[in-house]
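Input: a single structure, listed below in structure tokens.
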Amino acid sequence: MRNNRGLHLIIGFSLICFAATSAFGEETAKALSLIPKPVKLEPRKGAFVVTANTRILVEKDSPEAAKAGKQLAGLLNRATGFELKTAETDDAQPGKGAILLTRREAKSELGNEGYELAVSPGSIVIRAPKGAGLFYGVQTVRQLLPPEIESRSPVAQEIAWAIPCVQIEDQPRFEWRGLLVDSARHFFPMDSLKRFLDLMALHKLNMLQIHFTDDQSWTLQIDSCPKLTSVGSHGGPFAMDTTWLGLGKGIGSGRYYTKDDIRELVAYAADRHITLVPEIEMPAHAGSWLAAHPELLCTSHAKFPEPKIGTAGDATQRIAWTAYHELCPGNEATYGMVEKIIAEVAEMFPGPYIHLGGDEASKLGWKHCDRCQARIKAEGLKDEGELQSYFIKRVGKIIEGQGRKFVGWDEILQGGLAPNAVVMSWRGVRPGWEALKEGHDVVFSPTTYCYFDYTYARIPTALVYAFEPLESLTADQARHVKGVQGNLWSESIPDLNRLEYMAFPRACALAEVAWLPLASRNWQDFQKRLSFHLARLDVLKVNYAR
Ligand code: TNX
């Protein structure tokens, strides 16, 4: 990077001169390489140059504007070494040499996340109806600055901190622009999650689902059930071992997030306008939960030979294996514990959604469990399939009782689903279509485009970019599509370094799928912008796939 600094000084000035002579050349294209691309962008002549004298003005008496202004000042000061501060103003227009952030005179049709950005040689205005819009305006200014703005300490050499003149009007296509991190298969320390949130914010991604629990470990503190972490964080007895992947031991590290950690993380995400979606997986993928609470096992576990460690064993062992991994929906005590857990989860996470998992229940253990069979009878259910539906509806009610919406993987459709459930379509897009027909809200995260734990050979960035979530839907159905999510299951992702490699640049492509209207999407254009955007990720030392 160091050798590039002189170059950037030249680039900065040539940008100013070049743009000033009215032609928009390669350097301008480079400076306008935004990801996701704004909905409307008109280049103008010239540039605004940030100097030690630049003033940052924020709307008076608006904590939202004050916060976004501070974030912009922090971003600029860190790399430039300037000491820019913010000041309040009543004006809806900026004075000379100022950057103004305001909600005054904002177009309400820009909604919760939209913004306008006007950069002229004399001033900059970020205008948005809501705080999130101001924040995204700041992110766009960030991407319009030279990549060195991402430096973690003041850059020694002079750089022209030039922002090319533009007129931008921008707002997202979808409200759910998500990624999933799986802390249960491999634990991601707080620093890693924060870094990931930073990178999401840069790309205007706004939902982070955290898969806190699975067979391999339970990673969220629950005060009323302390064994979940004291025992469960070490994993279940027959958890699938990922050692065979050659990545070290993936089974329960014994680490977990404390309540203090979560408070910190929630605040960190909120500063970046990112909503955390906690996933507590049930009824399957519950091996660590059942390791901590064997009193909740289906009675079937004792009727069949034990599975071998690390495998599900043969057909009869598989029944016991299942019993060790799937909660017993026949046992009333199961619901009692779910209630305690969900109450604490709701207390920790202020966002509107709680994810209950719901995928891959084999139900084998239930078939041979006295309690499950008694429950099927008592409730007049047809079979284990309807027992799953009974379980999901009950847990859904518990979540709704906490004033939250519940989200689940698409298997929750089986046997009938409560109408308010949000369905995440992962086994391709068809389950999502089915859910839409039933009137559910849907988030698309299909294995066919959005599984970022799969290799790049299987899911190349171009394929992610080609994903069209509204394909073959009616306008009515399309209204219920909340958005898209890329999933980073971590069986084979042991640390942040690998996480970044698997996520980027696919998450850049997904960010644009989630943000930009289909008609404006263009792979050639994206590739060109991405090639410049990677220089920014280089300064950020992101370990993206090349
Ligand atoms: C399927 S996606 C799973 C996860 C695995 C993932 C691996 C989903 C709802 N279930 O438990 O980690 O495949 O790609």
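When a ligand or atom number is given, it counts from 1 through the structure's own listing order. Only a predicted model underlies this, so the values are computations on that prediction, with no experimental measurement involved. Basis for what follows: all heavy atoms, side chains included, without hydrogens, waters or symmetry-related copies.
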Who passes ring-ring contact (aromatic ring centres under 6.0 Å, His included) against Y257, sequence neighbours left out? F187, F212
Hey, what do you get for CD (E468) to CG (L473), rounding to the nearest 0.5 Å? 8.5 Å
Output the set of protein residues with a heavy-atom contact under 4.0 Å to ligand 1, ordered first by chain identifier and then by residue number. R185, H285, D359, E360, W409, W426, Y451, D453, Y454, W489, E491
With ring-ring contact (aromatic ring centres under 6.0 Å, His included) as the criterion, how do W489 and H211 come out once you've worked through the C-alpha distance, each side chain's angles and the decisive distance to 0.1 Å? CA-CA 9 Å; W489 299 104; H211 184 74; 4.8 Å; yes
According to the interplanar angle, ranging from 0 to 90°, do the rings of Y465 and W523 count as parallel (below 30°), tilted (30 to 60°) or perpendicular (above 60°)? tilted
Any idea how F135 and H273 line up, ring-wise: parallel (<30°), tilted (30 to 60°), or perpendicular (>60°)? tilted
Is the number of heavy atoms from other residues, nucleotides or ligands within 6.0 Å of NZ (K259) greater than 12? yes
